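Notes follow the structure.
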Amino acid sequence: MRLATWNVNSVKARLPRLLDWLAATEPDVLCLQETKCPAEAFPAAEVGELGYAAAAHGDGRWNGVAVLSRVGLDEVTLSFPGEPGFGELAGVGAARPEARAIGATCGGLRVWSLYAPNGRAVDSPHFAYKLEWFAALRDALAAELPSGPLVACGDYNVAPTDADVWDPALFVGATHVTPAERDALAALRALGLHDVVPTPMKGPHPFTYWDYRAGMFHQNKGMRIDLVYASGDVSGRVRSAYVDREARKGKGPSDHAPIVVDLDPIS
DNA sequence: ATGCCTCTAAAGTAGAGA
């Protein structure tokens, strides 16, 4: 099975590239983040022509996640149980969860496509929301893990180590690298989830995100913030994993590159 | 070379991303 995850930064703006990439890469399952479109506007017919079923969760302008599969798409779950919304923590009343999580069972594998809150700044209510969201995610995945093989893919908006940012000194005091955020990842690993670290196509760092500005991609000033967290029975089947930095090149790319993971069949 | 930001809409500028 070939599994992939990609923050596309608008599925509408990226649709020609997405379709070309699907045809060339042929993943069995693809997790998408930042689709930035309502579920009813998701280009299900277009991906359907390539043989993919689609499940989408959307808010409209912001966020948005989806799962595409050509090996079955069952038990679709929009948001995870206990997922917080932003407004509750900001004290402005109860809020629905944002469109940051969608789960589906694809060919016997439980798959989550996740888009973690950015956090903005450590003194922002958005940062507290980010940590609360991760704590709730931990509980939701803990509840599902006994049921079978599981993979939680997506844009975690956390760089797991200092080696996962191009210049750690520039990130002192910033989000994405704080001990609190890294502890949230450690709590997920403590459940038995394994960080499937992909191989970079170029250079020593498996970065998955490069800012659009100032030629960051061309200088390989990136971050590894897109992650594949796999249960033990899945991580043991990983034959290979890579960051497809080719998809970050050229005109009109997303600012993130896809991660592609090849799994051996269940023996 | 891979090339200096881009997306959406409550749009003609602003907010968000990280």
Side-chain angles (χ1 to χ4, degrees), chain A residues 5-18 20-21 24 32-43 56 58-66 85-87 90 98-100 114-131 133-134 154-178 180-182 184-185 200-203 205-227 242-258:
Chain A
T5 183
W6 192 8
N7 178 325
V8 286
N9 185 16
S10 172
V11 72
K12 182 181 175 187
R14 218 65 59 212
L15 188 58
R17 292 185 70 120
L18 172 63
D20 288 349
W21 186 87
L32 296 172
Q33 301 86 36
E34 282 207 86
T35 55
K36 295 184 175 178
C37 83
E40 61 271 21
F42 191 87
D59 279 337
R61 183 176 186 178
W62 306 117
N63 313 312
V65 286
F86 174 68
E98 298 174 307
R100 296 184 175 279
L114 303 171
Y115 176 51
N118 172 289
R120 301 190 186 183
V122 293
D123 58 354
S124 163
H126 290 270
F127 187 77
Y129 164 52
K130 182 178 191 175
L131 296 180
W133 187 89
F134 271 113
D155 180 355
Y156 281 69
N157 270 320
V158 180
T161 74
D162 280 352
D164 295 315
V165 297
W166 79 92
D167 185 354
L170 291 177
F171 283 82
V172 172
T175 60
H176 294 64
V177 299
T178 65
E181 289 164 286
R182 289 174 173 169
L185 295 185
M201 293 175 99
K202 180 184 177 184
H205 304 290
F207 295 147
T208 62
Y209 162 84
W210 301 260
D211 197 293
Y212 284 124
R213 292 168 287 192
M216 298 289 272
F217 177 66
H218 322 287
Q219 302 170 65
N220 200 25
K221 293 181 175 177
M223 306 172 74
R224 184 170 81 96
I225 52 176
D226 299 271
L227 305 175
Y242 69 96
V243 181
D244 186 2
R245 75 189 300 282
E246 294 296 318
R248 181 63 177 78
K249 295 181 180 179
K251 183 175 171 56
S254 171
D255 43 2
H256 294 250

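Sequence lines set the chain letters: A, B, ... in the order given, protein chains first and strands last, and positions in each chain run from 1. Keep in mind the model is a prediction, meaning the values are calculated, not measured.
- Nucleic acid contact for A:Gly250: sugar-phosphate only, since backbone atoms but no base atoms lie under 4.0 Å from a heavy atom of the residue.
- Here the side chain of A:Tyr212 is nearest to one of B:dT6, B:dT8, B:dA16, namely B:dT6.
- Nucleotide B:dA18 holds its P atom 15 Å from the CZ atom of A:Phe127, rounded to whole Å.
- To the nearest whole angstrom, the two C1' atoms, one in B:dC4 and one in B:dA9, are 27 Å apart.
- Among the nucleotides B:dC7, B:dA18, B:dG15, the one closest to the side chain of A:Ala13 is B:dC7.
- Put simply, A:Arg14 has a side-chain N or O that comes within less than 4.0 Å of OP1 or OP2 on B:dC7.
- Rounding to whole angstrom units, CD of residue A:Gln219 and C1' of B:dC4 are separated by 8 Å.
- Under the 3.5 Å distance criterion, the side-chain polar atoms of A:Arg248 are left unmatched by any main-chain donor or acceptor of A:Pro253.
- Taking 4.0 angstrom as the limit, A:His126 places none of its side-chain polar atoms (N or O) nearer than this to OP1 or OP2 of B:dG17.
- Legend: residues meeting ring-ring contact (aromatic ring centres under 6.0 Å, His included) with A:Tyr212, ordered by chain and number and at least two apart, are absent.
- Considering only residues two or more places apart in sequence or on other chains, A:His205 meets the ring-ring contact (aromatic ring centres under 6.0 Å, His included) condition with A:Phe207.
- For A:Lys221 and B:dC5, the NZ to P distance is 13 Å, given to the nearest whole Å.
- In this structure, A:Arg248 places its CZ atom 10 Å from C1' of B:dT6, rounding to the nearest Å.
- Comparing B:dA16, B:dT8, B:dA18 by their nearest atom to the side chain of A:Trp62 picks out B:dA16.
- Comparing B:dA18, B:dC7, B:dA16 by their nearest atom to the side chain of A:Arg120 picks out B:dA16.
- B:dA14 and B:dA18: their P atoms are spaced 22 Å apart (whole Å).
- Residue A:Arg100 contributes atom CZ, which lies 13 Å from atom C1' of B:dA18 at whole-angstrom precision.
- Checked by atom type, the side-chain pair A:Lys130/A:Asn118 shows no donor-acceptor distance below 3.5 Å.
- A salt bridge does not link A:Asp255 with A:Arg213: none of the charged nitrogens is closer than 4.0 Å to a carboxylate oxygen.
- In summary, of the residues considered (A:Phe127, A:Tyr129, A:Trp133, A:Trp62), a ring-ring contact (aromatic ring centres under 6.0 Å, His included) with A:Phe86 occurs for A:Tyr129 alone.
- Of the two residues near DNA chain B, A:Pro38 and A:Thr175, the one whose nearest nucleotide lies more 5' is A:Pro38.
- The side chain of A:His218 lies closest to B:dG3, out of B:dC7, B:dA18, B:dG3.
- In this structure, A:Asp255 reaches neither bases nor backbone, as no heavy-atom distance under 4.0 Å exists between it and the strands shown.
- With hydrogens and angles ignored, the 3.5 Å screen pairs a side-chain donor or acceptor of A:Ser254 with a backbone N or O of A:Asn7.
- The phosphate of B:dA18 has OP1 or OP2 within less than 4.0 Å of a side-chain N or O from A:Tyr115.
- Rounded to whole Å, the distance from CG on A:Asn157 to C1' on B:dA18 is 7 Å.
- A gap of 15 Å separates the C1' atoms of B:dT6 and B:dA11, to the nearest Å.
- One can place CD of A:Glu246 at 11 Å from P of B:dG3, the figure rounded to the nearest angstrom.
- One C1' atom belongs to B:dT8, the other to B:dG12, and the distance between them is 14 Å to the nearest Å.
- Distance, A:Asp211 CG to B:dG17 C1': 8 Å, rounded to whole Å.
- Comparing B:dA16, B:dA9, B:dG17 by their nearest atom to the side chain of A:Glu34 picks out B:dG17.
- A:Met216 comes within 4.0 angstrom of nothing in the nucleic acid, heavy atoms only.
- Both A:Asn9 and A:Asp155 sit near DNA chain B, but only A:Asn9 has its closest nucleotide nearer the 5' end.
- Taking the P atom of each, B:dA10 and B:dC5 are spaced 27 Å apart, rounded to whole Å.
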